[in-house]
Engineer: 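Got a structure for you, written out below as structure tokens; questions coming shortly.
Heavy atoms only: backbone and side chains are in, while hydrogens, waters and symmetry mates are out. Naming convention: chains lettered A, B, ... in sequence-line order (proteins, then strands); numbering from 1 in each chain.
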4 protein chains.
Amino acid sequence: MARGVNKVILIGNLGGDPDVRYLPNGNAVANITLATTDSWKDKQSGQMQERTEWHRVVFFGRVAEVVGEYARKGSKLYVEGRLQTREWEKDGVKRYTTEVVVDLGGQMQLLDGRSQGGDAPAPRQSAPRQQPQQPSQQQRPEQQPAAAQQATPDYDSFDDDIPF
Amino acid sequence: MARGVNKVILIGNLGGDPDVRYLPNGNAVANITLATTDSWKDKQSGQMQERTEWHRVVFFGRVAEVVGEYARKGSKLYVEGRLQTREWEKDGVKRYTTEVVVDLGGQMQLLDGRSQGGDAPAPRQSAPRQQPQQPSQQQRPEQQPAAAQQATPDYDSFDDDIPF
Amino acid sequence: MARGVNKVILIGNLGGDPDVRYLPNGNAVANITLATTDSWKDKQSGQMQERTEWHRVVFFGRVAEVVGEYARKGSKLYVEGRLQTREWEKDGVKRYTTEVVVDLGGQMQLLDGRSQGGDAPAPRQSAPRQQPQQPSQQQRPEQQPAAAQQATPDYDSFDDDIPF
Amino acid sequence: MARGVNKVILIGNLGGDPDVRYLPNGNAVANITLATTDSWKDKQSGQMQERTEWHRVVFFGRVAEVVGEYARKGSKLYVEGRLQTREWEKDGVKRYTTEVVVDLGGQMQLLDGRSQGGDAPAPRQSAPRQQPQQPSQQQRPEQQPAAAQQATPDYDSFDDDIPF
DNA sequence: TTTT
DNA sequence: TTTT
């Protein structure tokens, strides 16, 4: 099981379309950024203040495929995962990136009222799982190098019928 | 209130004694690193795997004072806060540090079995709030110091009587 | 603070319009039922199973007013509160009702995409707080007797500008 | 997966030793009551108030065995589960009991410093799983009739090496 | 970079 | 009683 508890719960909006890749073993990995906004009344000025926080969220396995197919820029998501900090290097300097990891131990819910509005996005045809789109790990943009090198079990044993 | 939800829940052990400072207005700020350990059985090898995650946690106000007085290296803590990423610069290069912020909207619980052991440390005399120990915000070491060398040190057992 | 942690997090849909009342001191109390649905694949039959759970949720103070004005039957809500079991009597028999209580220590978020659909409900004009609609506690239907007798402080000190 | 979120997080102390039973299929079920205590300052009197809440918690499968072997009256536990209300009948009257259910989707952590003190309770020898202690469902005391009739998959596929 |  |  675990020693300790490491849990993150977020509800926010996607800053852009998900970035979905496939590991050599065929498992999907989806990266998104998620915005949450806090607001409070400033004690001094009495003015309302606002601060938007951007979270890096990484999905693995079946949930990554669902995110890749149904979530879009602006989508509202519930996410339950765990905090993980990766070390990476650039120009000989070590850096750290903290992400919220969502795999089988976590949860994801699309919160958009897809049925009430008329602009429910047509599910993007996902690349077949048996035929990984990007078997080789591509370069990632600055600040977000090769994610997901953590040893992660395969996520096959999962029901497929309805994505969410 | 807020748009969205930004919540972190941790149970782990302190990597070192808390670092308590005081803001010019007299409010306390306490920094700690907290270790949580995940373990799982590797699918390939069948071996148990373990990974320790180190979290930076920052407490503000009254809860910071309590942490400073009663939490010590090795203490087990429950923490509920929110994720926040700070930007800072070093040698002209922007870097980011993600922390768990605990203030009035959060919660903290010391989980050490204070009653069973006999070697309760005397609560460290805290600096009075009216007389800030460190009126000027000092430089922090490197902003991302030695913490978290990925090895859980021995947690000197301890316990105590009072305020929570 | 507290000894222990008592936290409930729900996302679900309202089974009916909120029932809003006012305490003698003018504070609002809103009762709703919230449905969450679990689904899983049955090991024996391989069939998908489903179970809907109905939760009683009670809001106090400002958040109760917001629920009363903006939430409706079918609305999707995020709720963070605490578990509380009330004892009541009927025909000389003690019974117990467990509720999720949401007050200043909790949180509520309306998750309906109010902007995308065209049928955003016009905010129902709430009874003015100074003129309680129902100063005397009315009879409640079976299974749900007089809620909210718990000593609860006033919830006045709260920003009012935007409800959510 | 699920529609909605149904999550309970508790840290509290056991009101008594766990009540462990075995289902006909050999799976363990453990029932406990868990106390959490809230305290707050009363607005009127300025006095500190306290209220202890008792929660019924039901564990299934491997986690039920761990609870049965290592948790005792007074033990401090972290529990993550879901809310579930059962209907039962007594003297022709329907009643309801709300419980926190902890199975594979949940989590449990013993928070007692078992290693540092010398009075770590000797693990009670558990009945072997292959030889269910109580194949037939016994009567339960009032207010707590036959739990766990919910269709629950088997909990065999679980690592066994170390309980926590 | 999102959202209200 | 809700929702997909």
Side-chain angles (χ1 to χ4, degrees), chain A residues 10-19 31-39 48-57 66-67 70-79 108-117 120 123 141-144 161-164, chain B residues 1-6 85 96, chain C residues 10-19 31-39 48-57 66-67 70-79 108-117 120-121 123 141-144 161-164, chain D residues 1-6 85 87 96:
Chain A
L10 303 174
I11 296 179
N13 298 283
L14 270 75
D17 286 348
D19 171 27
N31 282 270
I32 64 164
T33 55
L34 199 71
T36 60
T37 303
D38 251 308
S39 55
M48 287 304 289
Q49 306 287 335
E50 219 180 71
R51 178 188 157 97
T52 293
E53 195 67 37
W54 286 97
H55 311 272
R56 295 174 174 279
V57 186
V66 174
V67 165
Y70 294 94
R72 287 292 167 274
K73 177 177 179 171
S75 294
K76 181 170 290 201
L77 243 62
Y78 167 86
V79 152
M108 190 278 303
Q109 297 263 322
L110 247 168
L111 297 175
D112 293 306
R114 280 153 296 115
S115 52
Q116 46 242 53
E142 244 264 68
Q143 269 297 325
Q144 196 168 309
D161 308 68
I162 304 160
F164 49 83
Chain B
M1 285 171 159
R3 284 203 299 294
V5 171
N6 176 358
T85 299
Y96 301 86
Chain C
L10 303 174
I11 296 178
N13 298 284
L14 270 75
D17 286 350
D19 171 27
N31 281 270
I32 63 164
T33 55
L34 199 71
T36 60
T37 303
D38 251 307
S39 55
M48 287 306 289
Q49 306 285 334
E50 217 178 73
R51 177 188 158 95
T52 292
E53 196 68 35
W54 285 96
H55 311 271
R56 295 174 175 279
V57 185
V66 174
V67 165
Y70 295 94
R72 288 291 168 276
K73 177 176 179 172
S75 294
K76 181 170 291 201
L77 243 61
Y78 168 87
V79 152
M108 190 276 303
Q109 297 264 320
L110 248 169
L111 298 174
D112 293 306
R114 279 155 296 117
S115 52
Q116 49 240 52
E142 243 262 69
Q143 269 297 323
Q144 194 170 311
D161 310 68
I162 305 160
F164 50 84
Chain D
M1 283 172 159
R3 282 202 301 293
V5 170
N6 176 357
T85 298
E87 185 185 315
Y96 300 86

Engineer: Between C1' on dT4(F) and CG on L111(A), what's the gap in Å once rounded to a whole number?
Structural biologist: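 So the two atoms are 13 Å apart, to the nearest Å.
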Engineer: Do L14(A) and L34(A) come within less than 4.5 Å of each other through their side chains, counting heavy atoms only?
Structural biologist: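 A side-chain contact under 4.5 Å exists here.
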Engineer: What is the distance, rounded to the nearest whole Å, between atom CG of L77(C) and atom C1' of dT2(F)?
Structural biologist: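 Interatomic distance, CG of L77(C) to C1' of dT2(F): 12 Å.
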Engineer: Expressed as a whole number of angstroms, how long is the span from E50(A):CD to dT1(E):P?
Structural biologist: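 Distance check: E50(A) CD to dT1(E) P gives 16 Å.
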Engineer: Output the rounded distance in Å from OH (Y78(A)) to P (dT4(F)).
Structural biologist: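 Rounded to the whole Å, the gap is 19 Å.
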Engineer: Identify which nucleotide among dT1(F), dT1(E), dT2(E) has an atom closest to any side-chain atom of A35(A), counting heavy atoms from C-beta outward.
Structural biologist: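 In terms of side-chain proximity for A35(A), the closest of dT1(F), dT1(E), dT2(E) is dT2(E).
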Engineer: To the nearest angstrom, how far is K76(A) atom NZ from dT4(E) atom P?
Structural biologist: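 Nearest whole value for this atom pair: 7 Å.
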Engineer: When you get a sec, tell me which of dT2(E), dT3(F), dT2(F) is the closest nucleotide to the side chain of R3(D)?
Structural biologist: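 My answer, after comparing the listed nucleotides, is dT3(F).
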Engineer: Rounded to whole angstrom units, what separation is found between the CG atom of L110(A) and the C1' atom of dT3(E)?
Structural biologist: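 It works out to 15 Å between those atoms.
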Engineer: Give the rounded distance in Å between these two atoms: CZ of R56(C) and P of dT2(F).
Structural biologist: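 The distance from CZ of R56(C) to P of dT2(F) comes to 16 Å, rounded to the nearest Å.
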Engineer: Residues in side chain to side chain contact (heavy atoms under 4.5 Å, CB included) with Q49(A), at least two apart?
Structural biologist: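 Only W40(A), D42(A), S45(A), Q47(A) meet the side chain to side chain contact (heavy atoms under 4.5 Å, CB included) criterion with Q49(A).
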Engineer: Nearest to the side chain of N13(C) - dT1(E), dT2(F), dT2(E)?
Structural biologist: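 Of the options given, the side chain of N13(C) lies nearest dT2(F).
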Engineer: Run the numbers on V57(A) and N31(A) for side-chain contact (heavy atoms from CB on, under 4.5 Å), then give the verdict.
Structural biologist: CA-CA 6 Å; V57(A) 186; N31(A) 282 270; over 6 Å; no
Engineer: Rounding to a whole Å, what distance do you find between N31(C):CG and dT2(F):C1'?
Structural biologist: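 Interatomic distance, CG of N31(C) to C1' of dT2(F): 17 Å.
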Engineer: Mind checking if T52(A) touches a base, just sugar-phosphate, or nothing, with heavy atoms under 4.0 Å?
Structural biologist: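 Counting heavy atoms under 4.0 Å across all strands, the contact made by T52(A) includes a base.
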Engineer: Tell me whether W54(A) is stacked on the nucleobase of dT2(E), counting only the six-membered base ring and applying the 5.5 Å and 30° thresholds.
Structural biologist: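 Given the distance and angle limits, no, they do not stack.
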Engineer: Could you check whether any side-chain N or O of E53(A) sits under 3.5 Å from a backbone N or O of T36(A), counting only pairs where one atom can act as donor and the other as acceptor?
Structural biologist: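 Side chain of E53(A) to backbone of T36(A): no pair is present.
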